[in-house]
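Below you'll find the structure, written out as C-alpha cells, and then a few comments.
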Amino acid sequence: MTKEDILKLRDTAEQTRVQFKERVTRDNKYDVSCEMVAQSNSRGGMIVVGIDDKTGRINPLSFVELQETTNLLGSLASEGVVPQILLDIENVQMEGGVIVVATVKQGKNKPYRDSKGIVWVKQGADKRKVFDNAELIAMLMENGQMHPDSMTVNGTSIKDLDENTLRDYLLNRFRSDFERQQLSVTELRHRSLDEITGVLSQTPEGILKNNGLILEDGTLTVAALMLMGKNPQRWLPAFTVRCVSFVGNSIGGTEFRDKSGNDADGNAVHLYNYIISFLTRNLRRKQVEKDFNSQGELEVSIASLSEIVTNGILHRSYVIEAPLRVFIFDNRIEIHSPGLLPEGVSMESIKHGASVPRNKLLFNHGINLLPYTGAGSGITRALKFTPDIKFVNDETLNEFVVTVERRNVGETSPKNDRDDREKRDREDRDKTLENNDLKNSQGLKRDREDRDDMIETHPVSYKSLSGVQKNVIQFCSIPRSAREILEHVGYAYNSTNIANQIKPLVEYGFIEMTEPKKLNSKNQKYRKVRKD
C-alpha cells in the first residue's frame, strides 16, 4: 500500500470494511478488539491507525509509537478475539511518520467473540452486538459447523411422513437395486412399504436413518419433514409459500388477481406443485398450434420456472423463519427466497453452474422427488430457456431475489384464458355426449392400430418430439394424473386430449402408467420412464 492509497482511503471516510483510529492505546484497546471481532464475523476489513476517525486528519506514528502499536495489535488479535485471529500488518511511510494498516480477514471459525464473550458484526461503518440465535446459527453454517436441514424436529417420528411420498422416494432412490433384481418399479408401486423395503432387507426407518434423514432416537430431521412430511408446517409453520398475483407493478398494490390460500402448505413436492400451478394459471399464453383445444405455451418457459422454483425450495435458508414468496406483476415475476447466497458463491458463479448447496440433506435426497439433476446446472439451464432472468442478493432484506421480465406477445389474459377454457370444456362435454356412440371399441381399436403403424414406420426420438410433449415428459418426473398433465400444458381435460397428448407418449415409451393392469383406475397416473 502506498501513500496515495492511504490518502484515497482517508478521502472515502470510514465504511464497512475500513475503520480509522488515531492511536491504539491501553484505554481503547477493548474497542479495537471488538472491531476485529466484527470484521472477522463479517467480510473482513482494515483498521488504519494514524488517522482521526472524526476529522480525517492524518497524524502519523513515531518510531516508538509504531513499535508499541504493532505489539498491542498482535496481542489483541490473540487475546482479545476468541478464537484468536491472524493479522496482516503493513506500515506505510508518510510525511512525519508511519501509518499502520492492520488487515483482518473474514474468519473461517465464526462466530468470533470478544474477551467478554460478546459477538459483534459490522453494520455499515459501525458495529453491533448479536443476540439473535438465528444469526448465530447462520455464522455456524458458513464454516460448515451446522446444517439447519439436519437439525432435529422434536416430537416427530416416521409416522409423520406421507406414505405415498415416502414410497416414491424409496422407489426412485433404489431404482437401480430393484432393476438389478429384475423387479418392475411400476409394479412395486402397488406394494406396501414393508414389502418394498423387504426387497432391500431393511425397514423404512432403517433406510432413512442410514441416509441421515432420521436420527437414532427416531426423530425426524428438518430435511425429512420438509421432503416427505404429511403436514410439516405443524412443526415448522414459517417454511411455506406465499403467492400473490398483483394488478399493476407495485408490491404495495391492493388489487389482486389471485393469491395463495391455506393449501399453500405441505412438503417440498406439494409446495413445488402448488407454485407451478399458481404460475401457469396466472401467466399469459401465446398460441403456437392450430389445434382447437390448445391453449398455447406460457409466455415464460415452464422449464425455466421449474428450475427457479426448485432452487428456491431446496436452497432457501431454513434458519430464517419466513415463507418463500412468489409475486406476479403486470411486467415481471419475482421469486423471493429467504437467505443470501451461501459463502463462496457469487452471482456470476451460479450462472456458470457453481453448486455449493446450503442444505446438503435436502439437496442430496430431493433429487429423488423433485425435477432437477443435482449437477448444479439448474440456473444455467433456466438462462438457456429465458436469457433475461435477473438475480439480486438483497442484503437489506436478507433474500435472494429472482426476477423474470414479462413482455407483450399478443397473448390472451389469464382471465380470458380461463373463460376460454371453461367454454371449451362445456363444448367438449357436449361433443362427447353427442358422439358417444362413435367412440366405441371398434373406433378405439382403429386408433391404436393407426398409432402402432405410425410407430413401426416412423420410429420416434426424443429430439423429434414437440415442445409440449417434452414438457409433459419433464412434468411426469413425479407421477401425475391425466387431469394434472393436461391442465399443466393448457389443454382441456377430456378423452380426446388424453388420446392425443398422453397415450402416444406411453406408446413411444417416454412415460408409463402407474396402474398398467387397471387402465381405468381412478388412481391412474403417468410417470417419466428413466432410460438409465
Side-chain angles (χ1 to χ4, degrees), residues 16 41-43 110 121-124 128 130 132-142 146-149 222 226 233 236-246 249-253 256 259-260 264-265 268 271-272 274-276 278-279 300 304-329 331-351 354-359 362-363 366 372 378-379 382-383 386 388-406:
T16 300
N41 282 329
S42 301
R43 303 291 178 183
K110 301 177 185 178
V121 293
K122 294 296 294 182
Q123 182 164 296
R128 63 175 174 82
V130 175
D132 186 3
N133 287 335
E135 201 166 358
L136 294 174
I137 291 173
M139 291 183 190
L140 291 169
M141 287 171 54
E142 284 190 24
M146 178 176 289
H147 300 287
D149 61 329
V222 170
M226 287 306 302
Q233 285 73 29
L236 308 170
F239 301 152
T240 181
V241 299
R242 291 293 175 260
C243 304
V244 182
S245 178
F246 290 91
N249 297 314
S250 172
I251 197 170
F256 314 111
K259 57 182 179 179
S260 55
D265 295 342
L271 296 182
Y272 171 84
Y274 182 89
I275 296 173
I276 292 298
F278 175 83
L279 290 169
V300 178
S304 294
L305 294 175
S306 177
E307 296 291 352
I308 295 169
V309 170
T310 301
N311 270 280
I313 293 171
L314 291 177
H315 298 302
R316 62 152 293 167
S317 169
Y318 283 92
V319 172
I320 300 173
E321 295 191 349
L324 179 71
R325 299 185 296 163
V326 180
F327 299 140
I328 298 178
F329 300 94
N331 66 353
R332 69 192 187 281
I333 305 164
E334 289 182 358
I335 297 180
H336 295 243
S337 182
L340 303 176
L341 287 175
E343 186 64 30
V345 181
S346 68
M347 220 79 68
E348 284 303 311
S349 65
I350 63 171
K351 295 178 182 178
S355 178
V356 181
R358 185 199 312 272
N359 308 303
L362 276 166
F363 181 78
Y372 69 99
I379 295 297
L383 287 168
T386 311
D388 55 352
I389 301 175
K390 298 178 181 177
F391 306 97
V392 175
N393 214 27
D394 194 327
E395 294 188 12
T396 303
L397 296 175
N398 203 9
E399 291 182 331
F400 182 67
V401 184
V402 180
T403 302
V404 183
E405 300 296 326
R406 302 178 66 191

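Interatomic distance, CG of Leu314 versus CG of Leu362, reported as 6.0 Å (0.5 Å rounding). How far CZ of Arg406 is from CZ of Arg332: 10.5 Å, rounded to the nearest 0.5 Å. A distance of 9.0 Å separates CG in Asn393 from CG in Asn398, rounded to the nearest 0.5 Å. Separating the CD1 atom in Ile308 from the CG atom in Leu383 is a distance of 8.0 Å, to the nearest 0.5 Å. Remark: Phe327 CZ to Ser245 OG distance equals 11.5 Å, nearest 0.5 Å. Here the CD1-CG distance, from Ile328 to Asn249, works out to 12.5 Å after rounding to the nearest 0.5 Å.
Ring geometry for Phe329 versus Phe246: interplanar angle under 30°, hence parallel rather than tilted (30 to 60°). Using cut-offs of 30° and 60° on the angle between ring planes, the pair Phe391 and Phe400 is parallel.
At a threshold of 4.5 Å between non-hydrogen side-chain atoms, the residues Glu399 and Arg325 count as touching. Side-chain contact between Leu136 and Val130: present, with at least one pair of heavy atoms (C-beta onward) separated by less than 4.5 Å. Within the 4.5 Å cutoff, the side chain of Val241 has no heavy atoms near those of the Val326 side chain. Put simply, the side chain of Ile335 does not reach to within 4.5 Å of the side chain of Ile275, judged on heavy atoms.
Minimum heavy-atom separation, Phe239 to Met226: O-CE, 3.7 Å. Residues Cys243 and Tyr274 approach most closely at SG-CE2, 3.8 Å, considering heavy atoms. Across Gly339 and Ser317, no two heavy atoms sit closer than the pair CA-CB, 3.9 Å.
Surrounding CD of Glu321 are at most 12 heavy atoms belonging to other residues, nucleotides or ligands under 6.0 Å away.
Every residue two or more places apart in sequence or in another chain that forms a side-chain contact (heavy atoms from CB on, under 4.5 Å) with Pro338 is listed here: Arg316, Ile320, Ala322, Leu324.
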| request: Mind running side chain to side chain contact (heavy atoms under 4.5 Å, CB included) on Leu279 and Val309 for me, showing each step along the way? | output: CA-CA 10 Å; Leu279 290 169; Val309 170; 4.1 Å; yes
| task | Report the C-alpha separation of Val392 and Thr403 in whole Å, then their side-chain angles, then the decisive distance to 0.1 Å, and conclude whether the side chain to side chain contact (heavy atoms under 4.5 Å, CB included) test is met. | result | CA-CA 8 Å; Val392 175; Thr403 302; 5.6 Å; no
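Side chain of Thr386 to main chain of Ser304: no donor-acceptor pair is present (N/O by atom type, distance under 3.5 Å, no hydrogens or angles). Checked by atom type and distance alone, the side chain of Arg358 never pairs as donor or acceptor with a backbone atom of Pro148 at under 3.5 Å. Remark: the backbone N or O of Asp149 is not paired with any side-chain donor or acceptor of Asn359 at under 3.5 angstrom. The backbone N or O of Ala264 lies less than 3.5 Å from no partner atom in the side chain of Arg242, so there is not a single donor-acceptor pair.
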